[in-house]
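The chains referred to below are lettered A, B, ... by the order of the sequence lines, with proteins before strands, and numbering in each begins at 1.
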Protein chains: 2
Amino acid sequence: MSAKIKDVAAAAGVSVATVSRALGSGPVSAALRQRVEEAAKQLGYRPNLSARRLRSQHTQTVGLIVSDIRNPFFTAVSRAVEDAAYQAGMRVILCNTDENPDKEAMYLRLMEEERVSGVIFSPTRDTARRLRPDAYGFPVVMIDRSGPAGQADAVVLDNRLAAAQLVEHLLAQGYRHIGGLFGNTSSTGSERHAGFEAALAAHGLAGEGRFIAPTAEAAETVVTQWLAEEQRPDALIASNGLLLLGALRALQRAGLSSPHDLALAGFDNEVWTGLVGNGLTVIEQPVYEIGRTAMEMLLSRLDDPGLSIRSVVLAGRLLVRGSTSPHPSAQGVFGQP
Amino acid sequence: MSAKIKDVAAAAGVSVATVSRALGSGPVSAALRQRVEEAAKQLGYRPNLSARRLRSQHTQTVGLIVSDIRNPFFTAVSRAVEDAAYQAGMRVILCNTDENPDKEAMYLRLMEEERVSGVIFSPTRDTARRLRPDAYGFPVVMIDRSGPAGQADAVVLDNRLAAAQLVEHLLAQGYRHIGGLFGNTSSTGSERHAGFEAALAAHGLAGEGRFIAPTAEAAETVVTQWLAEEQRPDALIASNGLLLLGALRALQRAGLSSPHDLALAGFDNEVWTGLVGNGLTVIEQPVYEIGRTAMEMLLSRLDDPGLSIRSVVLAGRLLVRGSTSPHPSAQGVFGQP
DNA sequence: TTGAAAGCGCTAACAC
DNA sequence: GTGTTAGCGCTTTCAA
């Protein structure tokens, strides 16, 4: 068995309380601290964090609950959260829910049992609606998606604006029949759809938005079918990286290319969006910043639980690339003006 | 404060021991179990896992230590590890080391303090060499990279074979001046380099392998320079996804394309490798299987610590795509035979 | 500044 | 089957 605090105390000839203080930040004479550290090192002492947590009643642990860590958006966020957490001396428990409300409930329950200090959560729309964040023993910071306003801290993109920017850009490039693909499990999908509709309406146009399961496979299927329809749109936007990938694959399978046959744009500046063809126009999200900010908000709330509920809304950045170059019919002398 | 086991006991009119047994898998009469469950539900009781761990002396926790979760290889592995862990009722603590031996040491120390059941670890070459896995209070399973044979369980790719396959493929396609990019911090880089050299030597050829920092940026810089040299290779292989990405970017920046100016191939079947141009030829690693297998090995060792040390070597799969189509000089009637 | 002692919430040994 | 009790390893009063 490994050395306990008692063993260190015995070896250093002091009480366990002194050891605890010396290894922590208690008031101990320099000489004793030295002796204790020496003894601890000698014995290879490692404090037992379970015991420390039980006694001290704080776990220095945060839960991070996302749909799938393999989504590059969440990958980046999680890296930021972990960097910030470890810097603050906290651990992170990562949970993948696969957009499944049952799993979400299960992990929230687990977080209670872990007595986590707080949770950073990207909930499905259903759970966000139902969730009473103050029903838990810990604060919750929502990321990417949010529930009813003012219920919990949140870090989100300005989704309506970003979607509108994308639409405005396509309109400026001469596209008029714009279709949209939106995830059907998150508030983000709805908000981006709202921005999409609003921007088109502002120009007296209507677009066709389709809500689908947030997977590349679903998008590929839907877009493949869409492309075969009579009234094919001349531009398509996809409300996240997975949907954009599916859309791109559908185009490739159909032997079509952007922007020649169809303009394509979307959300999330994933590696491949800059590599394929002349690049895909996307809204870049400040992914690392989202994670870091979420952790900062959590820490400041732990520091002062009386803080009022805050929403941090971050702006996306439009990266214009080749996939949305001007519509053929708008290209100067060779086409209609 | 939340309800404790004592409160549940009082509410159900039984002893705390009975509550513990009823909620766990102890022998309790059906009637009492019912009453206890009812009371626990009523009170919203959540067992305190810190207390349970301290008392029971097992934490049901595994550590996963990788260089960077943003590397898609580790992303996929981590998802597999977590799936398997949560299924087995265990939690995962994720640690990013950035290939930094100091961070590796720090996290290993943290794992000791957490009294984890075991660790799944992808160490730098330096740490792998130094590491004495039995110096810790928990078993270690190495993934992707391994240390001295027989020291710890490991799940690795057959790196030499995979690199050789890549070389053989390029040779068969008519390429003769093959360069290689290898990471300089991992055993994986060395092994792939060895396979590369061996395969070339078997054909009486010599390649030029360069060892560099395992980042896309380093690869881009090195390849940009390499392409400007007098003796430009006619094919390049990159020993992981990051290096392959950097190499591709260097080509694009130089206005070159594969396979026209230079064949390009590498490791890791990342999303973008299938999308760019006519696709990049890669060795696909069974990423999810690697993670799942590592977790299985860990669980079986926890079950029976007497098991002898095992290495599981998995085969990669060569995915031939457009970036390595036949060398111009080997293309039938139009070129040299 | 240091030590003695209580106790965090739970499980497991033992007794009935 | 059920209850009583000790104690996991630590931090934190409280007293000296």
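Side chain of A:Arg79 to main chain of A:Tyr288: no donor-acceptor pair is present (N/O by atom type, distance under 3.5 Å, no hydrogens or angles). Between the B:Arg310 side chain and the B:Asp153 main chain, no donor and acceptor come within less than 3.5 Å of each other.
For the pair A:Gln57 and D:dC10, the criterion of a side-chain N or O lying under 4.0 Å from OP1 or OP2 is not met.
Taking atom CG of A:Leu54 as the reference point, atom P of D:dC8 lies 13 Å away to the nearest angstrom. Whole-Å rounding puts the A:Leu23 CG to D:dC10 C1' distance at 12 Å. For the pair B:Arg53 CZ and D:dC8 P, the computed distance is 19 Å after rounding to whole Å. Going from atom NE2 of B:His58 over to atom C1' of C:dC10 covers 13 Å, rounded to whole Å. Rounded to an integer number of Å, the gap from B:Asn48 CG to D:dC8 P is 18 Å. Rounded to an integer number of Å, the gap from CZ of A:Arg52 to C1' of C:dG9 is 18 Å. One can place CG of A:Leu49 at 18 Å from P of C:dG9, the figure rounded to the nearest angstrom. The distance from atom CD of A:Gln60 to atom P of C:dC8 is 20 Å, rounded to the nearest whole Å.
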Enumerate all atom pairs, one protein N or O and one N or O from nucleotides 2-6 of chain C, separated by less than 3.5 Å.
{"unit_1": "C:dT2", "atom_1": "OP1", "unit_2": "A:Ser29", "atom_2": "OG", "d": "2.9"}
{"unit_1": "C:dT2", "atom_1": "OP2", "unit_2": "A:Ser29", "atom_2": "N", "d": "2.7"}
{"unit_1": "C:dG3", "atom_1": "OP2", "unit_2": "A:Ser15", "atom_2": "N", "d": "3.0"}
{"unit_1": "C:dG3", "atom_1": "OP2", "unit_2": "A:Ser15", "atom_2": "OG", "d": "3.1"}
{"unit_1": "C:dG3", "atom_1": "OP2", "unit_2": "A:Thr18", "atom_2": "OG1", "d": "2.4"}
{"unit_1": "C:dG3", "atom_1": "N7", "unit_2": "A:Arg21", "atom_2": "NH2", "d": "2.6"}
{"unit_1": "C:dG3", "atom_1": "O6", "unit_2": "A:Arg21", "atom_2": "NH1", "d": "3.3"}

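Side chains of A:Thr18 and A:Ser15: a donor on one and an acceptor on the other come within 3.5 Å. In this model, no donor atom of one side chain and acceptor atom of the other lie less than 3.5 Å apart for B:Thr61 and B:Glu114.
Here the shortest heavy-atom pairing between B:Asp144 and B:Thr188 reads O-OG1, 2.8 Å.
For A:Tyr86 and B:Tyr107, the gap between ring centers is short of 6.0 Å.
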